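Below is one structure; the comments refer to it alone.
Here is the naming used below: chain letters follow the sequence lines, and residue numbers restart at 1 for every chain. If you're wondering where the values come from, they're calculated on a predicted model, not measured in any experiment.
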Number of protein chains: 2
Amino acid sequence: MKWKELEEEPCSMARTIGVIGDRWTLLILRECFLRTRRFEGFQSALGITRHLLAERLKKLVRQGILRRIPYQESPKRHEYILTQKGLDLYPIMMAIVHWGDTHMVDERGRPLLHQHRKCGKDFDPVMVCSECGEPLSAKEVHTHPGPGARSTPPNPASAASKAKARSRAA
Amino acid sequence: MKWKELEEEPCSMARTIGVIGDRWTLLILRECFLRTRRFEGFQSALGITRHLLAERLKKLVRQGILRRIPYQESPKRHEYILTQKGLDLYPIMMAIVHWGDTHMVDERGRPLLHQHRKCGKDFDPVMVCSECGEPLSAKEVHTHPGPGARSTPPNPASAASKAKARSRAA
DNA sequence: CCATATAGTTCTAAAACAGAACTGTCAAAT
DNA sequence: ATTTGACAGTTCTGTTTTAGAACTATATGG
């Protein structure tokens, strides 16, 4: 499967992974949320090769997750800032950080804490149901096909798997 | 930067990405949450090559995200089920799906809907503050170093970036 | 005229991945 | 008893991606 195919699958998760599902993209986005805006800033913070950084930034701009805006003329320079679509990735980032805080910390504890300005306290992110407000866990959720589902719905199998089915039949 | 180095960075996000931050791993985990348990199941659902699937499953087992348990003797066969550590990835999965539902759907609408058993309704996942229960957005959150932070904290720069600093100095 | 800052692009070698075929164990069918 | 098929991998070869380093371009300041 190619990256482009992923974005066309009838599965919101596959499509999202097609856009942000590689390690450098996720780390670049982490930097964005930590207020990094410029090429050199990303490069020195992450140690990513300049080549890949340029490519990933282009892709994020194409996807409408970052906007490239000039901050000076001569020489023309631009910085990268999150669009609303990009800001909406925040729950994904927080969910990833929180899992790491829970399962991947060493003796020294968490590298970063998060303070909620509204209530003033350090917090953990909690995922709740939009309808009843109760915290969610996998076992309390039932998945069923929506309007955009394909004909054989529960398994969002790819073109690749259909190809395989054909080759088995042959 | 190598994958192994990522897991040792003083950043919960980098560490988590070191474990689950590649496209196949994320898709395999999606299948796990959709109740797939067996090698052939993953393979035909995803169209992943058998080689990579075997490797990814091994890694997930090593990381304690999946457990490999026998379901029959002769021939010995195993299935892969999520541990608690694996189940705890659920908010990440839901956050990814929800972003895709919001920003990546086509005219036909969402491929999958989620129903909360407790309240019986189709829902969206919402991320809230553990302390005050209010929904979170990036701008309301202030990040500050925790006990596991390195000396120069806000920028969780890697060994790679330090190496770069040295080579610039030389 | 040289060094520095910024934002890239280009090159080569190494690593990861895709696609296909192959191995091994057993049960059921012929 | 031999063949077929299911299952869970492993091994091979060739392509794609990534790493690492050097190079380009535009401008400022000394």
Side-chain angles (χ1 to χ4, degrees), chain A residues 1-6 17-18 21-28 31 36-61 66 68-80 158-170, chain B residues 1-6 17-18 21-28 31 36-61 66 68-80 158-170:
Chain A
M1 209 193 314
K2 313 276 151 52
W3 282 97
K4 286 309 279 295
E5 294 175 40
L6 254 190
I17 290 171
D22 77 285
R23 96 178 135 136
W24 285 124
T25 300
L26 254 1
L27 290 170
I28 288 167
E31 288 306 309
T36 299
R37 294 166 142 76
R38 300 184 185 175
F39 192 93
E40 296 295 320
F42 291 111
Q43 204 284 319
S44 69
L46 296 173
I48 183 177
T49 65
R50 309 175 73 76
H51 177 65
L52 268 199
L53 176 57
E55 195 171 75
R56 292 293 190 271
L57 287 173
K58 259 182 211 153
K59 183 174 179 187
L60 287 168
V61 169
L66 297 179
R68 184 164 173 273
I69 56 173
Y71 68 91
Q72 70 170 42
E73 299 292 320
S74 86
K76 256 191 183 298
R77 297 270 184 258
H78 301 82
E79 53 188 9
Y80 297 89
S158 64
S161 78
K162 284 192 294 186
K164 185 170 191 299
R166 275 195 301 278
S167 75
R168 266 199 300 252
Chain B
M1 207 193 318
K2 314 277 152 53
W3 281 98
K4 286 308 279 298
E5 294 174 41
L6 254 191
I17 290 170
D22 77 286
R23 95 177 135 135
W24 285 125
T25 299
L26 253 4
L27 290 170
I28 288 167
E31 288 305 309
T36 298
R37 292 166 142 77
R38 300 184 185 177
F39 193 94
E40 296 295 321
F42 291 110
Q43 204 284 321
S44 69
L46 297 172
I48 184 176
T49 64
R50 309 176 72 76
H51 177 64
L52 269 199
L53 175 57
E55 193 170 76
R56 291 293 190 272
L57 288 173
K58 259 182 211 155
K59 183 175 178 188
L60 287 168
V61 169
L66 297 179
R68 185 165 172 272
I69 55 174
Y71 68 89
Q72 69 170 42
E73 298 293 320
S74 84
K76 254 189 182 299
R77 297 268 184 258
H78 301 82
E79 55 189 8
Y80 298 89
S158 65
S161 77
K162 285 192 292 185
K164 183 170 191 302
R166 275 196 300 279
S167 76
R168 266 197 302 249

Within this structure, what is the [atom1]-to-[atom2] distance between [X] and [N], rounded to whole angstrom?
| X | N | atom1 | atom2 | value |
| --- | --- | --- | --- | --- |
| B:Leu6 | D:dT18 | CG | C1' | 14 Å |
| B:Leu57 | D:dC7 | CG | C1' | 14 Å |
| A:Glu55 | C:dT10 | CD | P | 12 Å |
| B:Arg77 | D:dA6 | CZ | C1' | 7 Å |
| A:Leu53 | D:dT18 | CG | C1' | 14 Å |
| A:Gln43 | C:dA5 | CD | P | 14 Å |
| B:Leu46 | C:dG19 | CG | P | 14 Å |
| A:His51 | D:dT24 | NE2 | C1' | 16 Å |

Which part of the nucleic acid, if any, lies within contact of [X], taking any heavy atom under 4.0 Å across all strands shown: a base, the sugar-phosphate backbone alone, or nothing?
| X | result |
| --- | --- |
| A:Phe42 | nothing |
| B:His78 | sugar-phosphate |
| B:Thr49 | base |

> Regarding B:Arg37 and B:Tyr80, is there a side-chain donor-to-acceptor distance under 3.5 Å anywhere?
Replying inline: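 Per modelled atom types, B:Arg37 and B:Tyr80 side chains form no pair under 3.5 Å.
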When you get a sec, tell me which of [options] is the closest nucleotide to the side chain of [X]?
| X | options | answer |
| --- | --- | --- |
| B:Ala54 | D:dT10, D:dA8, D:dA27 | D:dT10 |
| B:Glu40 | D:dC7, C:dA18, C:dG8 | D:dC7 |
| B:Ser74 | C:dG24, C:dC26, C:dA7 | C:dC26 |

Does a nitrogen or oxygen in the side chain of [X] sit under 4.0 Å from OP1 or OP2 of [N]?
| X | N | value |
| --- | --- | --- |
| B:Arg56 | C:dC17 | yes |
| A:Arg23 | C:dA16 | no |
| B:Trp24 | C:dA18 | yes |
| A:Tyr80 | C:dG8 | yes |
| A:Tyr71 | C:dA7 | yes |
| A:Arg68 | C:dG8 | yes |
| B:Lys58 | D:dT10 | yes |

Treating [X] as the side-chain partner and [Y] as the backbone partner, does any N or O pair qualify as donor plus acceptor under 3.5 Å?
| X | Y | result |
| --- | --- | --- |
| B:Glu55 | B:Lys58 | no |
| A:Glu79 | A:Arg68 | no |
| B:Gln43 | B:Ile48 | yes |

> If every non-hydrogen atom of B:Glu31 is compared with every non-hydrogen atom of B:Ala45, which pair is closest and at what distance?
Replying inline: OE1-CB, 3.6 Å
>> Tell me whether the side-chain N or O atoms of A:Arg50 pair up with the base of C:dA7 as donor and acceptor below 3.5 Å, since no angle test is needed here.
In response: yes
> Could you state the interatomic distance from CG (A:Leu26) to CD1 (B:Ile17), rounded to the nearest 0.5 Å?
Replying inline: 4.0 Å
